[in-house]
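Inspection log for the structure reproduced underneath, given as structure tokens.
Naming: A, B, ... by sequence-line order, numbering from 1 per chain.
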There are 2 protein chains.
Amino acid sequence: MTDALSATFFALADPTRRAILARLASGDATVTELAEPHEMSLAAISKHLKVLEGAGLISRGREAQWRPCHLEAGGMREAASFIEEYRRFWDDSFASLKEYVKTLEPRTDGGKPERKRK
Amino acid sequence: MTDALSATFFALADPTRRAILARLASGDATVTELAEPHEMSLAAISKHLKVLEGAGLISRGREAQWRPCHLEAGGMREAASFIEEYRRFWDDSFASLKEYVKTLEPRTDGGKPERKRK
DNA sequence: TCGGTTGTGAACCTGATGGTTAAATACGTT
DNA sequence: AACGTATTTAACCATCAGGTTCACAACCGA
């Protein structure tokens with residue numbers, strides 16, 4: 001799982017980690033603050049943060065004994081692009097665009113009878 | 001990892017599985033066809049396909065001894081929405097929109113001196 | 001019915017994940 | 001220097017992921 005994309009998707013594949021990101025979307029927070037809503041040891045949260053940091057989804061500062069976490073959503077860019085590549089397969093607006101194009105040029109190819117039905 | 005979103009991200013967190021999806025984007029394919037570019041046993045590919053199917057990213061037909069796989073990109077909807085929630089944190093157009101809004105209303109709040117600097 | 005091809009299932013192995021508890025570290029306060 | 005708070009590290013454990021090989025099932029063709 002050495003590539004960045006895998007690391008990103010992997011990091012996002014855990015509810016606890018997604019909850020942490022959601023929390024950080026509303027502002028930086030310390031580890032203890034992030035751990036508070038979860039029934040889990042601080043050490044476990046610390047591990048999750050390491051995964052998120054490794055994926056470039058958060059960064060950590062240093063303020064006295066606190067290590068405030070900061071959302072680095074830019075780490076999702078590549079993942080977003082990946083998924084967008086597939087949007088045309090499900091998005092209705094793409095589907096209707098496809099229909100529209102079909103209407104415009106009902107027969108531009110010069111061969112293949114295209115008789116296959118059922 | 002019972003929730004759909006986790007399953008989706010998990011399925012996407014593997015290069016082999018992403019390659020399979022990419023291949024299916026250009027049309028349905030049998031298991032052997034999908035396996036061909038990978039240095040891996042057929043059984044391993046079969047497992048990957050099960051993961052993808054479990055995440056709702058592909059479906060499988062049945063034609064004689066072949067089990068043609070079909071891309072079900074709709075399974076990415078939720079994942080796409082999730083990531084889009086964070087786009088404003090990195091997308092430049094969102095950033096400049098923020099700047100623009102700031103220009104429009106430099107002081108709309110009635111209280112808090114907001115003197116905190118550095 | 002006997003092969004040949006396609007795909008899955010079961011058993012197995014190795015290494016990684018996700019959690020635990022118990023030290024250890026880093027820092028501010030007294 | 002000693003204490004308290006915040007966080008990480010280490011050691012450990014159970015389970016899972018991803019791969020293997022081998023046997024088997026499903027199907028076509030002769």
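For A:Glu84, the side-chain hydrogen bond (donor to acceptor under 3.5 Å, both in side chains) test picks out A:Arg87, with sequence neighbours left out. By the side-chain hydrogen bond (donor to acceptor under 3.5 Å, both in side chains) test, A:Ser59 is found to be paired with A:Glu72, residues two or more places apart in sequence or in another chain being considered.
Contacts between residues 53-61 of chain A and DNA chain D, defined by a heavy-atom separation under 4.0 Å, are made by A:Arg60. Near DNA chain D, meaning a heavy atom under 4.0 Å away, the residues from residues 27-35 of chain A are A:Thr30, A:Val31, A:Thr32.
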Between side-chain atoms of residues 25-32 of chain A and protein atoms elsewhere (two or more places apart, or another chain), which donor-acceptor pairs fall under 3.5 Å?
from	atom 1	to	atom 2	distance (Å)
A:Ser26	OG	A:Arg23	O	2.8
A:Asp28	OD1	A:His70	ND1	2.8
A:Asp28	OD2	A:His70	ND1	3.2
A:Thr30	OG1	A:Glu33	N	3.2

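A:Arg17 places no side-chain N or O within 3.5 Å of a backbone atom of A:Leu12 that could act as its donor or acceptor partner. Proximity of a side-chain donor or acceptor of B:Ser81 to a complementary backbone N or O of B:Arg77 within less than 3.5 Å is detected. No donor-acceptor pair closer than 3.5 Å links the side chain of B:Tyr86 to the backbone N or O of A:Gly74. Distance alone, capped at 3.5 Å, places no donor-acceptor pair between the A:Ser46 side chain and the A:Leu42 backbone.
When the side-chain nitrogen and oxygen atoms of A:Lys50 are compared with OP1 and OP2 of D:dT7, none of them lie within a distance under 4.0 Å.
At whole-Å resolution of the value, CD1 in B:Ile45 and P in C:dG9 are 15 Å apart. Atom CD1 of A:Ile20 and atom C1' of D:dT7 are 14 Å apart (whole Å). Following rounding to the nearest Å, A:Phe10 (CZ) and C:dG15 (C1') show an atom-to-atom distance of 13 Å.
Atom CG of residue B:Asp14 and atom CG of residue B:Leu21 lie 10.0 Å apart, to the nearest 0.5 angstrom.
No side-chain heavy atom of A:Thr8 sits under 4.5 Å from any side-chain heavy atom of A:Glu78.
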Letter by letter from the 5' end, nucleotides 19-30 of chain D scores (B base, S sugar-phosphate only, - none; protein heavy atoms under 4.0 Å) BBB-----SS--
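Residues A:Trp90 and B:Ile58 fall within the same hydrophobic cluster, defined by Ile, Leu, Val, Met, Phe, Trp and Tyr side chains chained together at heavy-atom separations under 4.5 Å.
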